[in-house]
Amino acid sequence: MAHRARLARALDGTRRRAAFERGDARASGSVVRRWRTGATARDDAWGGRGVSAEALEPVHVRGLNDAQRAAVLAPVGATRVLAGPGSGKTHVLIGRVAHLIHEEKTPPREILCITFTNKAAKELRERLRDKIGEVAAKEITAGTFHSVAARMLRRHGERIPGIGRTGEFTIYDADDSKQIVQSVLVNKFGESKKTAQPGPMRNWISTAKSCVKHSVGLRGSQMLRALEDAKKPIPPMSQQRFVELYDEYEDGLRQANAFDFDDLLSATVAMLEMCPDVRAYYERRWSQVLVDEFQDTSTTQYELIRKLSQPQGSVFVVGDADQAIYGWRGAEVANIRTQFDQDFKEVQTHMLTTNYRSTSTIVEAAQAVIKESSFPSPLDLVAHTPGGRDVAIVEANDDREEAEFIALEARKLVQDSDLRYSDVAVLYRTNSQARVLEEAFIRAGVPHTVVGDTSFYSRKEIKDMIAYLRIVSNSSDTVSLNRIINTPTRGIGNSTIEKLNAWLKTLPKKDGLSPSIGDALLRGAWKTNPGEQSELLPSADEMGLTARARTAVLNFVELMRACQQTAMNATPGELLEDVIKRTGYETMVLDADDGVDRWAFVQELINLAKEPPRDVDETIQDRVGLEALGAFLEGVSLLTSAETDDVTGGDKAKLMTMHASKGLEFDTVFIAGVEDGLIPFIRNGDSDDDQDEEVRLFYVGITRAKRKLMLCHARERRRFGQSPQAARRSFLLDSISATLTGTKKPERPVTLHGGVSARARNGTGMLEKGKADWSARVTVDLPPPTRKREGTTRDRIVKSRDLIKKVTGADAVVPLPLRKAQAASESSSGSSARAKPKRAARHVKKSPDE
DNA sequence: CATGTCGTCCTTTTT
DNA sequence: GGACGACATG
Ligand SMILES: Nc1ncnc2c1ncn2[C@@H]1O[C@H](COP(=O)(O)OP(=O)(O)OP(=O)(O)O)[C@@H](O)[C@H]1O
């Protein structure tokens, strides 16, 4: 398999090289000249080396060009590789690891490789297998910043002075954090539930945490200052609130034995700083550190790398400032531009400028876009492959027709060529665009998956199940406990919960904090004299409850205790089944409106939780018990959007945001919604920096395409079920057509009829070689827009249910629509992704630890 | 205490 | 058009 892939690649390379040497470009003269000039200057590797010389080369530099080779072979120390899109940084990273192992004799287990997604880590490991062998590939540590940090914290985090967390800590995502913020605003500051705005506050907290080296021990006022220093100030009227909130928020997390996402990094940095023995351990543990996508590292992440690379300062970072697209969540382009140079000794910089991925036409289009940013990097990208008419700009009447066009075009493309569906990607700016697109793909019967669709894990029933597991693993987890203490309903209503909270405040404090509700109920934190008090709960009087309420609470406590017992030697999946059995959750779900479908999602989770952790790396992970449970939960928490890719495999077109497309490549790429205000995205408070980032994002999107690129826009677009709004094509398209029409055919609008009527229902085929036009207008006949019906979906279903009851006299089960699942099963294609609940992504592979 | 219905908010990108 | 809170009813 791997052999065949390599062979194919080699053949492909040969073909391209031959084409290059013959100069038989399909492109017109100026493009070829440009391409040849660049290529001859930079690609001596191909021309200068004979086959025999190549064959003698060590495996880790075979097939690399001079610049790539130089980077791979760079002396151990601080190395920075500035790599344009498609310039082969993945190859370089892999080559570097192999080089370190083979030539520098670095033990594999001393190598730490930070990737942007856990999926990328897994792929890296797989590709390394060929070069350094199965065992060595397993011994390398590879994962995201967050995964690696979480692993470090689980092992050694307890040692951080005053951290107040145990190794069983829960990882809070943005939603969980928002719950904490909300409860502080409402319960501590007396804001009304309606007016409280936990969202912005949580964002500021997150931004603040990622712009300091670490936040452990810092107070709200210091975080406020950090935001100002980082030139990311928050509105004056919110500052006071922020300062108060921050400290309470931190207390809330500590009380719940939880870290938020930013804490994972922050606490790890603090750990290395404050615990010399831990630092010494990790300095020895990893002697070589490699970081992919370095342009998107935050201050905290940078600091983590700095500390881990001590004492040798052996770091290999790869990135491209032009592809920096995560400034909004604290990434600092300066890290790759200037900071690295300043902080590390004798930095060697290598530049990779030959783009092997895309045709010259696509590269030109990309360059036309990036030159619109204020600080394009000095990299002058040169395409290795000559291009033809590979880029098209297509205007549709509205977003539905745009989607229909893309779906039909994709289908025709695959039918008429040897491309597979998985060679096609549709990129967009916002997740909300996915819906129309997916509907069109379903109608057209085109198999597809929406990458980065986290809806499975945001389903109520899935969150509930996860909450139960989290409490078993970490009973202090307040957010989870509040979520399920009365789900399914068990007689613990709001007033009881309020009374319980009041009771908590009367209990003895620990480290200045009252016990969390879980500590009190499940870990006996109310006991003044644990040895002599064997009851599960104090008397109703002491708790301030009625006898009846106390009984309800006691039942819950006994339930959770029993689950904790089960957990000791059950897989997470078996534990879930036990939870369901004891809680009656199945009945609850099945009784609900769309019960059958929802129950299927729960089943899916159980299956996921039963799977043994794959790629057990060097850590032998028990399949049962609390450690396995913790591993499962951590995997779920640290899922990246890339991992939500459909793991059932199969040949499917990919729909995703441009953000999610980073680092990927596809033969044919559609970008949907290239309109002013959407790409680049504009919101009212945007700075020039924000706009620059939008330009770079489009650049990233464009450079995903290998052979064909279609930039689509609509004349009007519907936003949130509002009435359609007029849309204009993005000015970035003007830059592209200005560049491309210089050497190509002038713009000439063409109206194409796709159509969904029985005969005409097909794509235009305009992507086939030579037919792509620079600019075209399409009209697609659509099925009548979903019939105007009375009332909301829910109303209609309720009505139909009543009707059935009247006629048949029986209760009818008419499931409420599960948007995606049902849409898929309704489509007759059967080839589409989700006739049954979407197969959720597997949990993350564990990276090796000690 | 549980459940159903109505109104109001938000909607960029994600580890 | 969906998620969640407020409010009314059993
Ligand atoms: N020396 C080479 N010769 C031929 N093809 C190459 C060479 N180096 C890389 N490639 C090909 O170029 C394509 C892009 O490589 P890769 O995915 O590593 O790009 P990248 O630098 O990570 O790009 P990006 O920054 O856009 O993610 C791949 O298909 C790869 O096989």
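Every value quoted in this text rests on a predicted model; they were computed, and no experiment measured them. Numbers restart at 1 for each chain; the letters A, B, ... are given by sequence-line order, proteins then strands.
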How close or far is atom [atom2] of [N] from atom [atom1] of [X], stated in whole angstroms?
X	N	atom1	atom2	value
A:D591	B:dG4	CG	C1'	16 Å
A:Q197	B:dT8	CD	P	17 Å
A:I492	B:dC1	CD1	C1'	12 Å
A:R435	B:dT11	CZ	C1'	11 Å
A:Q182	B:dC9	CD	P	14 Å
A:M588	B:dT3	CE	P	10 Å
A:I205	B:dT14	CD1	P	21 Å
A:K463	C:dA3	NZ	P	10 Å

*asked:* Exactly one of A:D262, A:D260, A:T300 should register a side-chain hydrogen bond (donor to acceptor under 3.5 Å, both in side chains) with A:K209. Which one does?
replied: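 When A:D262, A:D260, A:T300 are each tested with A:K209, the side-chain hydrogen bond (donor to acceptor under 3.5 Å, both in side chains) holds only for A:D260.
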*Going by the angle between their ring planes, with limits at 30° and 60°, are A:F601 and A:F456 parallel, tilted or perpendicular?*
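Answer is tilted, since the angle falls between 30° and 60°.
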From C-beta outward on [X], which listed nucleotide comes closest to its side chain: [options]?
X	options	answer
A:T657	B:dT15, B:dC1, B:dT13	B:dT13
A:H659	B:dT15, B:dC1, B:dT13	B:dT13
A:A174	B:dT14, B:dT15, B:dC10	B:dT15

_If you assign A:A549 and A:T430 each to the DNA chain B nucleotide with the nearest heavy atom, which residue ends up on the more 5' nucleotide?_
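Nearest-nucleotide comparison on DNA chain B picks A:A549.
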_Let me spell it out: for each of A:G491 and A:E694, pick the nucleotide of DNA chain B with the closest heavy atom. Which residue's pick is nearer the 5' end?_
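The residue whose closest nucleotide sits nearer the 5' end is A:G491.
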Remember a base hit wins even if backbone is also touched, and classify [X] as base, sugar-phosphate or nothing at under 4.0 Å, heavy atoms.
X	answer
A:R696	nothing
A:T496	sugar-phosphate
A:Y326	sugar-phosphate
A:N486	sugar-phosphate
A:N431	sugar-phosphate

*Under 4.0 Å between a side-chain N/O of A:T489 and OP1 or OP2 of B:dC1, yes or no?*
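So the side chain of A:T489 is outside the cut-off, no N or O lying under 4.0 Å from OP1 or OP2 of B:dC1.
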Search all heavy atoms of [X] against all heavy atoms of [Y] and return the closest pair with its distance.
X	Y	result
A:V369	A:Y699	CG1-N, 4.1 Å
A:L678	A:E694	O-OE1, 4.5 Å
A:L427	A:G701	CD1-O, 3.7 Å

*Could you tell me whether the side-chain ring of A:W328 sits stacked on the base of B:dT13, using a centroid cut-off under 5.5 Å and a plane angle under 30°?*
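Yes, the aromatic ring of A:W328 stacks with the base.
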